[in-house]
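Presented below is the structure to which this report refers.
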Amino acid sequence: MAAIDLGSNSFHMVVARTVLGQLRIIDRLREAVRLADGLDARGGLSADARQRALDCLSRFGERIRDLPAHGVRAIATNTVRALRDPQVFLSDAEAALGHGIEVVSGREEARLIYLGVAHAQPPKPEQRRLVIDIGGGSTECIIGSGFDTIERESLQIGCVASTRRFFGNGKLSKKRWKDALTEIEAEFQQFAGLYRALGWQEAIGSSGTNKAIGEICAAMKLTKGAVTAEALPIVRDRLLAADRIEDIDLPGLPEDRKAIIAGGILVLEAAFETLGLKKMQVSKAAMREGVLYDMLGRGGVDDPRDASIDALMQRYGNDRAQAQRVVDTALQLFDQVAAKWNLGEDERRMLIWAARVHEIGLAIAHSQYHVHGAYILEHSDIAGFSRQEQLFLAALVRNHRRNVSNKSLEVLPDRLLAPARRCAAVLRLAVLLHRSHEAESIPKLTARASGNAIALSLSKSWLDERPLLRSDLEHEPEGIAGLAIDLQIEG
């Protein structure tokens, strides 16, 4: 399997295989793409940065061209999140890589980072950890215990973004540093009180910036690779001895990090000050390793998305019995049409989750509850789900009744559009068949699919006893047509 991290500074790929349930890394690739360098204030991406990214992904794609789709997961982070129209970039990026690319929220990125660090350095029982990851465009701070996160935060500050923001003209000075530090500390202050109240027994830094700063501390013989409250000001002063970024002289600093290290040290100093850190160890693991371990759990009993959906149902007071009835009928239909409609296990799981939460909008109002539910699913931070998965889920819930919203479907990548339409059609039929909310069984359903058409066969005598349901079914072909699907009712 392979995990690809489209970071704001570097793109990483880790290739691994599982041996007796454990991951064994067999290859690593890293390229300094500097995607964030090409991002402008309006969410546009420069031609140079775009080409660097596509060239890198093409090389990555060559390495993994023989891997099956289910064995590859590519994750895009802050810079792609900030694009005005990310799908324009992602379409070409997916073509270059040869695999789909998911965009994750900052908090989901934080969960994956923690997962990678926790597996690389197994935690002690009941021990809380603080993990700080300084990326190119964002910084994630996580408190966790064991392999689970307790608090996750993502700040729009990173080594590339902060260097550009505060030292864009290349000049360095103590006054400019002090002013910048005040602004960055204000970002951390939003959650510093909560984090300090929770407390932790160990602080760990992940990703390239923290690793580079740890190596500088070691090269200057300040520590053996950790970052401490005593060492960091010495490193900062050594950096500020240069008047310009190109003149920075820090022992142990790789040449390709010189242009962005000022922003990274600035962010880390702010974190040390506001969180009261004394010492931070450095981890070799980061989000990419977390993605690999997350892939091991996906689709199995440890899929974090199952727990997230269950939490949503509990939070919004879903009728679990009704949800299960809809799930059972939806799967009965799905399993009969999946082969003809080219729907696989991923779509089956999305259908199950959509069926379980299709009524969460009722917590807001009955009127337009499908619209309310879709909004919740699109805009919530749902652990385990990428941005595209949340949009897919929202599209199913939005279109499970009433008029179809083309807008909810058009935001999906082209590769997900047909599966979303077909899963939404299955969900519409399952919900309609259980509109009464009665705990009665439905006689055997027969469904056939061909092209963009589906035929549903039901017992005529059973339908004759339910004139309201028969009427609903007779009108449904008009509603489902909005999904570009023809429906035929037999019975």
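Residues: numbered from 1 along the sequence shown.
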Basic-acidic side-chain contact under 4.0 Å: R349, D306:
no
Do N210 side-chain atoms and I132 backbone N/O form a donor-acceptor pair below 3.5 Å?
yes
Donor-acceptor check, side chain of Q388 to backbone of I101, threshold 3.5 angstrom: yes or no?
yes
With sequence neighbours left out, what residues match E389 under salt bridge (charged side-chain N to carboxylate O under 4.0 Å, His left out)?
R298, R305
Sequence neighbours excluded, the answer for side-chain contact (heavy atoms from CB on, under 4.5 Å) partners of D179 is K175
After noting the C-alpha distance and the side-chain angles of L23 and M1, does the key distance pass the side chain to side chain contact (heavy atoms under 4.5 Å, CB included) rule?
CA-CA 9 Å; L23 283 177; M1 59 177 63; 4.0 Å; yes
Give the ring-plane orientation class for H370 versus H400, where under 30° counts as parallel, over 60° as perpendicular and anything between as tilted.
perpendicular
Look at the side chain of H99 and the backbone N and O of G61, then say whether any donor-acceptor pair between them is shorter than 3.5 Å.
no
Between I248 and L172 the two heavy atoms that sit nearest each other are CG1-CD1, 3.9 Å
Using atom types as modelled and distance alone, determine if a side-chain donor or acceptor of R428 lies under 3.5 Å from a backbone N or O of R402.
yes
Of R52, R59, Q51, the one forming a side chain to side chain donor-acceptor pair (under 3.5 Å) with D55 is Q51
CZ of R320: more than 12 outside heavy atoms within 6.0 angstrom?
yes
Work out which heavy atom in F392 is nearest to a heavy atom in L412; give both atom names and the distance.
N-CD2, 3.6 Å
Would you check if the side chain of E289 reaches a backbone N or O of A286 as a donor-acceptor pair within less than 3.5 Å?
yes
For residues T77 and G7, report the shortest heavy-atom separation together with the two atoms involved.
OG1-CA, 3.6 Å
Between the side chain of Y114 and the main-chain N/O of R152, is any donor-acceptor distance below 3.5 Å?
no
Residues passing the salt bridge (charged side-chain N to carboxylate O under 4.0 Å, His left out) test with D256, sequence neighbours excluded, are R30
Do L391 and L416 make a side-chain contact, defined as non-hydrogen atoms from C-beta onward lying under 4.5 Å apart?
no
Whether the side chain of E102 engages the backbone of R73 through a donor-acceptor N/O pair (distance < 3.5 Å, no angle test) should be reported.
no
Do L90 and V80 make a side-chain contact, defined as non-hydrogen atoms from C-beta onward lying under 4.5 Å apart?
yes
For D40, does the CG atom sit with more than 12 other heavy atoms under 6.0 Å from it, leaving out its own atoms?
yes
For V14 and I25: C-alpha separation, side-chain torsions, deciding distance, then whether side chain to side chain contact (heavy atoms under 4.5 Å, CB included) applies.
CA-CA 7 Å; V14 181; I25 305 298; 3.4 Å; yes
Is any side-chain N of the basic residue among E183 and R165 closer than 4.0 Å to the acidic one's carboxylate O?
yes
Any salt bridge (Lys or Arg N to Asp or Glu O under 4.0 Å) pairs touching residues 106-120, not counting sequence neighbours?
R81-E109, R107-E153, R107-D381, E108-R111, R111-D294
Give, for atom CG of L232 and atom CG of L222, the distance between the pair rounded to the nearest 0.5 Å.
10.0 Å
Assess, by modelled atom type and distance only, whether the side chains of Q322 and R325 contain a donor and an acceptor separated by less than 3.5 Å.
yes
Tightest non-hydrogen contact, residues D27 and R63, listed as OD2-NE, 2.8 Å
Is a side-chain N or O of S283 found less than 3.5 angstrom from the main chain of A285, in a donor-acceptor match?
yes
Heavy-atom count around Y375 OH within 6.0 Å, excluding the residue itself: above 12?
no
Which residues share a salt bridge (charged side-chain N to carboxylate O under 4.0 Å, His left out) with E185, sequence neighbours left out
none
Please find the pair of heavy atoms, one from G225 and one from A218, that lie closest to each other, and give the distance.
N-CB, 3.9 Å
How close do A374 and V397 get, heavy atom to heavy atom, and via which atoms?
N-CG1, 3.9 Å
Please evaluate residues H366 and Y369 with respect to the criterion ring-ring contact (aromatic ring centres under 6.0 Å, His included), reporting the C-alpha separation (whole Å), side-chain torsions for both, the decisive distance (0.1 Å), and the verdict.
CA-CA 5 Å; H366 182 273; Y369 78 83; 5.7 Å; yes
Between Q324 and D328, does the side chain to side chain donor-acceptor pair (under 3.5 Å) criterion hold? Intermediate values first, please.
CA-CA 6 Å; Q324 191 58 51; D328 292 341; 2.9 Å; yes
What pairs meet the salt bridge (Lys or Arg N to Asp or Glu O under 4.0 Å) rule with one or both residues in residues 128-144, with sequence neighbours excluded?
R129-E202
Other residues, nucleotides and ligands only: do more than 12 of their heavy atoms fall within 6.0 Å of CG on D85?
yes
Donor-acceptor pair, S162 side chain versus G263 backbone, under 3.5 Å?
no
Please check: side-chain N/O of T149 versus main-chain N/O of E151, any donor-acceptor pairing under 3.5 Å?
no
So do E345 and M350 actually touch side chain to side chain, heavy atoms under 4.5 Å?
no
Charged N to carboxylate O under 4.0 angstrom, E94 versus R415?
yes
